[in-house]
Amino acid sequence: MMDSLGNDDARYIKRVYAAVVYSEMTARGLLAAAGCMQSKRKIVATWLLGTSLLSLSKILNNMELGHNVMHGQYDWMQHPYLNSQKFDWDIVCPAPLWQHSHNYLHILLPISLVVTMMLAIT
């Protein structure tokens, strides 16, 4: 497994992280700027753009960055932030509880149930 991991993987997750950070900063700047505008049309357009960009940032953060990092996919990099033991993301559930519920209850438990059922059939 480790043989297939390398610079491309590290570069990918760092780019995703940068996209999350910069899109959130830009989105929040747009939302703040919308509050200072005079034209209703510009306010609505800027607010929609800021909201859409913030949504994209949150989706990338949760679905691509957080999900993969919390699985431990990038622990091999020994990055101070992109590490499953230290990473904390913007969701309701604390990281250790998410790891337990997702990695064990969502993935390992169903696999063990399938194996148990297959063994019972044979």
Side-chain angles (χ1 to χ4, degrees):
M1 175 78 174
M2 289 296 289
D3 295 339
S4 67
L5 300 174
N7 290 334
D8 289 343
D9 299 298
R11 190 170 34 256
Y12 170 76
I13 200 66
K14 287 177 182 177
R15 284 182 181 165
V16 171
Y17 177 67
V20 167
V21 169
Y22 292 122
S23 61
E24 182 176 357
M25 287 181 358
T26 303
R28 292 189 184 280
L30 286 168
L31 291 171
C36 301
M37 295 180 171
Q38 301 300 320
S39 163
K40 283 188 179 185
R41 183 172 286 180
K42 286 183 181 180
I43 290 171
V44 170
T46 306
W47 183 84
L48 283 173
L49 180 61
T51 301
S52 299
L53 194 56
L54 187 58
S55 298
L56 173 69
S57 176
K58 293 297 184 184
I59 290 167
L60 280 175
N61 187 27
N62 289 328
M63 299 305 293
E64 190 61 24
L65 183 67
H67 185 251
N68 291 328
V69 170
M70 292 300 285
H71 268 296
Q73 247 176 279
Y74 295 97
D75 286 355
W76 61 271
M77 288 173 38
Q78 298 179 348
H79 189 278
Y81 182 69
L82 302 174
N83 178 306
S84 65
Q85 300 304 311
K86 297 177 184 175
F87 190 80
D88 202 15
W89 50 339
D90 188 17
I91 61 170
V92 175
C93 179
L97 292 178
W98 183 90
Q99 286 175 321
H100 174 73
S101 66
H102 186 76
N103 293 341
Y104 177 70
L105 298 176
H106 176 63
I107 295 173
L108 294 178
L109 189 59
I111 290 172
S112 65
L113 290 175
V114 168
V115 169
T116 304
M117 289 186 335
M118 290 175 67
L119 291 174
I121 292 171
T122 57

In one Ile/Leu/Val/Met/Phe/Trp/Tyr side-chain cluster, 4.5 Å: [X], [Y]:
X: Leu82; Y: Val16; answer: yes
X: Leu54; Y: Tyr17; answer: no
X: Met63; Y: Leu56; answer: no
X: Val44; Y: Leu49; answer: no

**Report entry** pair Leu65-Phe87: side-chain heavy atoms closer than 4.5 Å
**Finding:**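 Side chain of Leu65 against side chain of Phe87, heavy atoms only: contact under 4.5 Å found.
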
Can you list the residues that meet the side-chain hydrogen bond (donor to acceptor under 3.5 Å, both in side chains) rule with [X], with sequence neighbours excluded?
X: Tyr22; value: none
X: Ser57; value: Ser23
X: Ser52; value: none

Of the non-hydrogen atoms in [X] and [Y], which two are nearest, and what is the gap between them?
X: Val69; Y: Asn83; result: CG1-N, 3.7 Å
X: Met37; Y: Lys42; result: SD-O, 3.6 Å
X: Asn68; Y: Gln73; result: OD1-OE1, 2.9 Å
X: Ala34; Y: Trp47; result: CB-N, 4.0 Å

Query raised in the report: With distance as the sole test, does Asp9 use its side chain to make a donor-acceptor pair with the main-chain N or O of Gly6 at under 3.5 Å?
Result: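 At least one qualifying donor-acceptor pair exists.
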
Query raised in the report: Sub-3.5 Å donor-acceptor pair from the side chain of Asp75 to the main-chain atoms of Ser84, do we have one?
Result: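 Confirmed, Asp75 side chain pairs with Ser84 backbone.
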
Separation between [atom1] of [X] and [atom2] of [Y], rounded to the nearest 0.5 Å:
X: Glu64; Y: Ile59; atom1: CD; atom2: CD1; answer: 12.0 Å
X: Leu53; Y: Leu48; atom1: CG; atom2: CG; answer: 12.5 Å
X: Leu31; Y: Arg28; atom1: CG; atom2: CZ; answer: 7.5 Å

Query - Parallel, tilted or perpendicular: rings of His71 and His67 (30°, 60°) - result: perpendicular

Query raised in the report: With Arg41, which residues qualify under salt bridge (Lys or Arg N to Asp or Glu O under 4.0 Å), at least two apart?
Result: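 Counting only residues at least two positions away or on another chain, Arg41 forms no salt bridge (Lys or Arg N to Asp or Glu O under 4.0 Å).
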
Report task. Go through the structure and list residues passing side-chain contact (heavy atoms from CB on, under 4.5 Å) with Ala19, not counting sequence neighbours. Result ->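 Checked Ala19 against side-chain contact (heavy atoms from CB on, under 4.5 Å); matches are Leu60.
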
Query raised in the report: Residues two or more places apart in sequence or in another chain: which of them pass ring-ring contact (aromatic ring centres under 6.0 Å, His included) with His79?
Result: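 For His79 there are no ring-ring contact (aromatic ring centres under 6.0 Å, His included) partners, ignoring immediate neighbours.
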
